[in-house]
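Side-chain atoms are counted along with the backbone in the values below, which use heavy atoms only and exclude waters and symmetry mates. All values reported here derive from a predicted model rather than from experimental measurement. So you know, we letter chains A, B, ... as the sequences are listed, proteins then strands, and number each from 1.
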Number of protein chains: 2
Amino acid sequence: MARTSQQTTWQSVRDEVLRRIQSRDWKPGEPIPHEADLAREFGCARATMNRALRDIADSGLIERRRRAGSRVALHPVRKATLDIPVIRIEIEARGETHAYRLIECALEAPPPQVAARLNAASGQAMLHVVGLHMADGKPYAFEDRWINPESVPEALTADFTRISPNEWLVLNVPVEGGDITFAATEATAAEARALECRPGAALFVTKRTTWRGEARLTTVRQLFAPGYGMKTLI
Amino acid sequence: MARTSQQTTWQSVRDEVLRRIQSRDWKPGEPIPHEADLAREFGCARATMNRALRDIADSGLIERRRRAGSRVALHPVRKATLDIPVIRIEIEARGETHAYRLIECALEAPPPQVAARLNAASGQAMLHVVGLHMADGKPYAFEDRWINPESVPEALTADFTRISPNEWLVLNVPVEGGDITFAATEATAAEARALECRPGAALFVTKRTTWRGEARLTTVRQLFAPGYGMKTLI
DNA sequence: TCCTCGAATATGTATATACATAAAAAAATA
DNA sequence: TATTTTTTTATGTATATACATATTCGAGGA
């Protein structure tokens with residue numbers, strides 16, 4: 001029976017559970033009461049309690065297992081969700097103007113590392129697209145991309161002088177999954193020239209490979225100009 | 001009425017919706033049918049449909065608004081969830097041995113930048129803890145931390161030679177939220193000495209500040225040895 | 001003692017129903 | 001026409017109920 005006046009929301013229940021964990025009423029590693037008991041205590045339906053606990057479990061603070069119950073995580077792995085936007089959107093969101101300058105676009109044999117990431121024989125030719133993202137005319141990110149023409153044949157006819165491959169792919173190629181690595185690297189001479197920084201400067205770099213099913217679609221390495229930081233909340 | 005034989009699970013419904021988005025049956029920017037209609041089509045309850053669509057919305061592929069309905073996101077912001085484990089756990093998960101070497105632990109006035117991050121007057125003394133995480137005896141991460149003694153008075157009596165501040169804080173101080181920044185930086189002479197790398201080497205760096213309510217608890221800068229990469233799936 | 005197997009149980013999920021709420025659209029008003 | 005108010009509607013959520021399923025636990029057998 002839903003009462004108009006005072007509903008128990010799953011958020012309020014979640015917050016109270018979080019409070020008990022934070023205040024160490026329920027200590028790390030210890031089990032917490034069962035859904036059903038908690039539901040009774042909070043005066044809500046078990047479904048509501050379930051929603052609250054599931055949300056907390058998603059955040060990594062409790063661990064739940066069937067039949068075994070729920071317990072406060074011993075090593076609460078902090079989970080940060082970071083948004084990986086299309087670079088143009090990222091730049092325009094800061095009120096700056098985006099431009100993409102194509103540096104190279106050719107069909108060629110990739111280095112072994114790249115071939116491996118694309119699950120291809122090392123002799124097989126791939127579409128190599130190199131370019132520079134600019135924000136308000138200043139170098140923003142250097143992008144070195146390899147596209148697998150077996151998985152994305154349309155890419156061979158795309159005009160990357162008009163649209164960045166980044167964006168073309170988002171619009172034209174459905175992606176199922178991928179992996180990303182964040183790291184730091186020193187600018188090579190060519191990279192330094194493009195990004196207008198000193199050779200050897202420390203650059204933030206992201207490497208991404210995306211796939212659909214078994215097919216490797218593309219792998220890209222983006223080098224950001226010095227000063228770039230990726231920010232997120234936990 | 002629950003049928004034993006063939007239940008419609010929210011996962012199966014979600015997968016079919018995902019398929020329609022990937023196959024461009026439903027195009028970016030376009031609205032998709034209403035929950036109720038879809039539920040009828042898939043032969044499931046609206047609650048089930050809701051669960052499926054909510055899950056997709058969480059992943060950033062569709063946008064939902066009350067009364068306005070759901071539409072395929074125009075710029076699907078890829079969301080990557082990255083786990084930020086305690087360093088010791090991270091190292092031990094790779095089968096290596098973790099050790100922490102305390103380099104400095106003193107109460108002193110922080111630089112203005114740090115004071116600002118901790119919402120404190122720049123003259124106010126903070127606990128400064130500097131140390132090095134080692135994996136199998138090799139330098140892994142250099143950690144420069146400031147702890148606000150007003151928010152975390154117990155830290156003044158903690159023995160950071162026996163336990164890393166990282167871990168001590170996880171065990172003893174409930175955290176509500178925080179922000180993280182990932183970037184690249186060049187090793188200073190002192191940092192290079194600690195990490196046994198060349199001065200000026202490009203290092204991956206994370207900066208974190210955590211809080212509870214209004215209280216700023218701690219801010220930390222972790223420099224990882226060359227070669228470190230943070231990996232995640234999307 | 002060790003193993004197998006069935007009972008018990010906490011979480012996971014599907015469903016019908018009812019109401020809440022934001023926001024768009026329509027109607028009423030100035 | 002411009003502005004305010006009301007209505008409409010799609011999503012958001014609470015609830016009771018029923019069943020599904022992974023594990024644990026204990027009993028019984030080898």
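- Using a 4.5 Å cut-off on side-chain heavy atoms (C-beta onward), F182(B) and L82(A) make contact.
- Rounded to whole Å, atom C1' of dA14(C) lies 12 Å from atom CZ of R46(A).
- For the pair I32(A) CD1 and dT11(C) C1', the interatomic distance rounds to 12 Å; values are reported in whole Å.
- Checked options Y140(B), F224(B), Y100(B); the residue passing with H133(B) is Y100(B) (criterion: ring pair (Phe, Tyr, Trp, His ring centres under 6.0 Å)).
- Nearer to the 5' terminus of DNA chain D, by closest-nucleotide assignment, is the contact made by S70(B) (compared with the other of W10(A) and S70(B)).
- When side chains are defined from C-beta on, D179(A) counts as touching W211(A), because their heavy atoms get closer than 4.5 Å.
- In this structure, R64(B) atom CZ and dT9(D) atom C1' are separated by 14 Å, rounded to whole Å.
- Rounded to a whole Å, the CE atom of M49(B) is 16 Å from the P atom of dT13(D).
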Might you list the N or O atoms of the protein lying below 3.5 Å from N or O atoms in nucleotides 5-9 of chain C, with each pair's distance?
unit_1 : atom_1 : unit_2 : atom_2 : d
dA8(C) : N3     : R67(A) : NH1    : 3.0
dT9(C) : O4'    : R67(A) : NH1    : 3.4

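- In this entry the distance linking CZ of R71(B) with C1' of dT11(D) reads 14 Å, nearest Å.
- With contacts defined as side-chain heavy-atom distances shorter than 4.5 Å, the pair H75(A)/V170(B) does not qualify.
- Comparing T48(A) and A68(A) against DNA chain D, the residue whose closest nucleotide sits nearer the 5' end is T48(A).
- For K231(A), the NZ atom counts as loosely surrounded, since its 6.0 Å shell holds 12 or fewer non-hydrogen atoms of other residues, nucleotides or ligands.
- Counting non-hydrogen atoms under 4.0 angstrom, Q11(A) reaches the backbone sugars and phosphates but no base.
- Separating the CG atom of L38(A) from the C1' atom of dA10(C) is a distance of 12 Å, rounded to the nearest angstrom.
- Proximity of E154(A) to N172(A): side-chain heavy atoms (C-beta onward) are nowhere separated by under 4.5 Å.
- Residues that satisfy the salt bridge (charged side-chain N to carboxylate O under 4.0 Å, His left out) test with R24(B), not counting sequence neighbours, are absent from this structure.
- The CG atom of N50(A) sits 13 Å away from the P atom of dT15(D) (whole-angstrom rounding).
- At least one side-chain heavy atom of N50(A) sits under 4.5 Å from a side-chain heavy atom of R64(A).
- Rounded to an integer number of Å, the gap from CD1 of I62(A) to C1' of dT11(C) is 11 Å.
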* Test E16(A) against R20(A) for salt bridge (Lys or Arg N to Asp or Glu O under 4.0 Å), laying out the working first. => CA-CA 6 Å; E16(A) 171 58 17; R20(A) 293 189 189 181; 2.8 Å; yes
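- For the contact set between residues 51-59 of chain B and DNA chain C, defined by any heavy atom under 4.0 Å, the members are R51(B).
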